[in-house]
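Reminder, nothing fancy here: chain letters follow the sequence lines and each chain counts from 1.
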Protein chains: 2
Amino acid sequence: MAKHDRDLSLLFHALSDPTRRAILTRLAERPARVTDLAAPTGLRLPTVMRHLSVLEEAGLITTTKDGRIRTCALVPEALDPMRTWLEQQRAIWDARLDRFDAFVMRTMKEDKK
Amino acid sequence: MAKHDRDLSLLFHALSDPTRRAILTRLAERPARVTDLAAPTGLRLPTVMRHLSVLEEAGLITTTKDGRIRTCALVPEALDPMRTWLEQQRAIWDARLDRFDAFVMRTMKEDKK
DNA sequence: GTCATGCTTAGCCATAATGCTAACTATACG
DNA sequence: CGTATAGTTAGCATTATGGCTAAGCATGAC
């Protein structure tokens, strides 16, 4: 559970930055080189490199180097742990809503007495 | 879009901490007091307070004070922007997959010639 | 070989995040 | 009133984050 937790933390942290989300959106369209990813951000290369390594450590992208060009590509299944967490949260929440409904029903019955 | 972006950043950042996720899971079961939320974390009250205010600023919880007791409760719809973002990403990704399929089809046709 | 291109590394700076203690406020209890 | 309880505020230390410049190192083009 601890490792799963770490994965989630890395994932959420990677997604918490707008620049990184923009990069992901760009990569969702097609793989791209580092320089091409940097251009629209208005940031310097080393800064973008850092963002890319955060994304890579979170498992959201993979990169391969061909000659002097590094190509970055999305890893779409990387978002799965997040979906799972969301669904779990929803499940617990729904259960709570049911209990709350039951509570309201009971209370209303009591009031009628 | 900028504001929407900020919301998402706050949301993802709030969720990037295991302690805060644990607090949310706890709150999904039932609302709770600050002290009760602090107990299982092993953290001091001021520290937990800070986590709570991060969660509150992200819109994930609401708190109300009754006498000297502050009660925290989940705001389940707060996760909606995240779901939306997820779906958007998936949509773009799927479109890309389609294009890739089309590309593969074309390539195979070419090969047959 | 020389030079431009594309990335990488090292190191600096400012700010934000996460934890703490200590001291304070405000409510409840007896 | 006096004391315990529940939160709050202020301030500090450490580490992480996000940006930069400057310099280095491959690789491709000429």
Side-chain angles (χ1 to χ4, degrees), chain A residues 2-3 5-27 30-74, chain B residues 2-3 5-27 30-74:
Chain A
K3 194 172 188 184
D5 239 42
R6 188 180 139 74
D7 287 352
L8 267 184
S9 295
L10 283 178
L11 204 50
F12 281 127
H13 172 247
L15 295 173
S16 73
D17 183 284
T19 299
R20 287 194 287 265
R21 287 198 304 277
I23 289 176
L24 285 183
T25 302
R26 190 118 197 288
L27 285 180
R30 77 188 64 78
R33 300 182 305 162
V34 174
T35 307
D36 291 343
L37 288 173
T41 65
L43 299 175
R44 301 292 181 176
L45 258 193
T47 306
V48 172
M49 288 283 300
R50 209 167 191 105
H51 281 305
L52 291 177
S53 65
V54 170
L55 289 170
E56 194 167 14
E57 277 184 36
L60 282 162
I61 67 172
T62 46
T63 74
T64 53
K65 193 156 182 184
D66 183 24
R68 61 185 160 167
I69 292 177
R70 179 172 297 280
T71 302
C72 308
L74 206 67
Chain B
K3 194 170 186 185
D5 239 42
R6 188 180 139 73
D7 287 353
L8 267 184
S9 296
L10 283 177
L11 204 50
F12 281 126
H13 173 247
L15 295 174
S16 73
D17 184 283
T19 299
R20 286 195 288 264
R21 287 198 305 277
I23 288 175
L24 284 183
T25 301
R26 188 119 198 287
L27 285 179
R30 75 188 66 76
R33 300 182 307 162
V34 174
T35 307
D36 292 343
L37 289 174
T41 65
L43 298 175
R44 301 294 181 171
L45 257 194
T47 306
V48 173
M49 289 283 299
R50 208 164 192 108
H51 282 303
L52 290 177
S53 65
V54 170
L55 289 170
E56 193 168 13
E57 277 183 36
L60 282 161
I61 68 172
T62 46
T63 74
T64 52
K65 194 157 181 185
D66 182 25
R68 60 184 161 166
I69 292 178
R70 180 172 296 281
T71 302
C72 308
L74 205 66

Which pairs, protein N/O on one side and nucleotides 19-22 of chain D N/O on the other, fall under 3.5 Å?
residue: D/dG19; atom: OP2; partner: A/His51; partner atom: NE2; Å: 2.4
residue: D/dC20; atom: OP2; partner: A/Arg44; partner atom: N; Å: 3.1
residue: D/dC20; atom: OP2; partner: A/Thr47; partner atom: OG1; Å: 2.7
residue: D/dT21; atom: OP1; partner: A/Arg44; partner atom: NH2; Å: 3.3
residue: D/dT21; atom: OP2; partner: A/Arg44; partner atom: NE; Å: 3.2

Quiz item: Looking at side-chain heavy atoms only, is the closest gap between B/Val48 and B/Thr41 below 4.5 Å?
Solution: yes
Quiz item: Quick one: does B/Ser9's side chain get under 4.5 Å of A/Arg21's, heavy atoms only?
Solution: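 In short, these two side chains touch, coming nearer than 4.5 Å.
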Atom [atom1] of [X] and atom [atom2] of [Y]: how far apart are they, to the nearest 0.5 Å?
X	Y	atom1	atom2	answer
B/Arg68	B/Arg33	CZ	CZ	9.0 Å
B/His51	B/Ile23	NE2	CD1	6.5 Å
A/Thr47	A/Arg44	OG1	CZ	8.5 Å
A/Ile69	A/Thr63	CD1	OG1	13.5 Å
A/Glu56	A/Met49	CD	CE	9.0 Å
A/Leu55	A/Ile61	CG	CD1	5.0 Å

Practice problem: Please determine if a side-chain N or O atom of A/Arg33 lies less than 4.0 Å away from the OP1 or OP2 oxygen of C/dT5. | Solution: no
[X] [atom1] - [N] [atom2] separation (whole Å):
X	N	atom1	atom2	answer
B/Phe12	C/dA16	CZ	C1'	20 Å
B/Ile69	D/dA4	CD1	P	18 Å
B/Arg70	C/dT25	CZ	P	18 Å
B/Arg20	C/dG19	CZ	P	8 Å
B/Asp36	D/dT5	CG	P	14 Å

Could you pull out the protein-nucleic contacts involving nucleotides 27-30 of chain D (nitrogen or oxygen on both sides, under 3.5 Å)?
residue: D/dT27; atom: O2; partner: A/Arg68; partner atom: NH1; Å: 3.2
residue: D/dG28; atom: O4'; partner: A/Arg68; partner atom: NH2; Å: 3.2

Quiz item: In a check of side-chain contact (heavy atoms from CB on, under 4.5 Å) between A/Arg70 and each of A/Val34, A/Thr64, A/Leu37, which one passes?
Solution: A/Val34
Quiz prompt | Candidates A/Leu10, A/Val54, A/Leu74, A/Leu11 - the one meeting side-chain contact (heavy atoms from CB on, under 4.5 Å) with A/Leu60 | solution =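 In the set A/Leu10, A/Val54, A/Leu74, A/Leu11, the residue that makes a side-chain contact (heavy atoms from CB on, under 4.5 Å) with A/Leu60 is A/Leu11.
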Quiz item: Within the distance-only criterion (no hydrogens, no angle test), does the side chain of B/Arg20 pair as donor or acceptor with the backbone N or O of B/Leu15 below 3.5 angstrom?
Solution: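 No: the side chain of B/Arg20 does not pair with the backbone of B/Leu15.
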Can you name the atoms? Protein N/O to nucleotides 14-16 of chain D N/O, anything below 3.5 Å, with the distance.
none

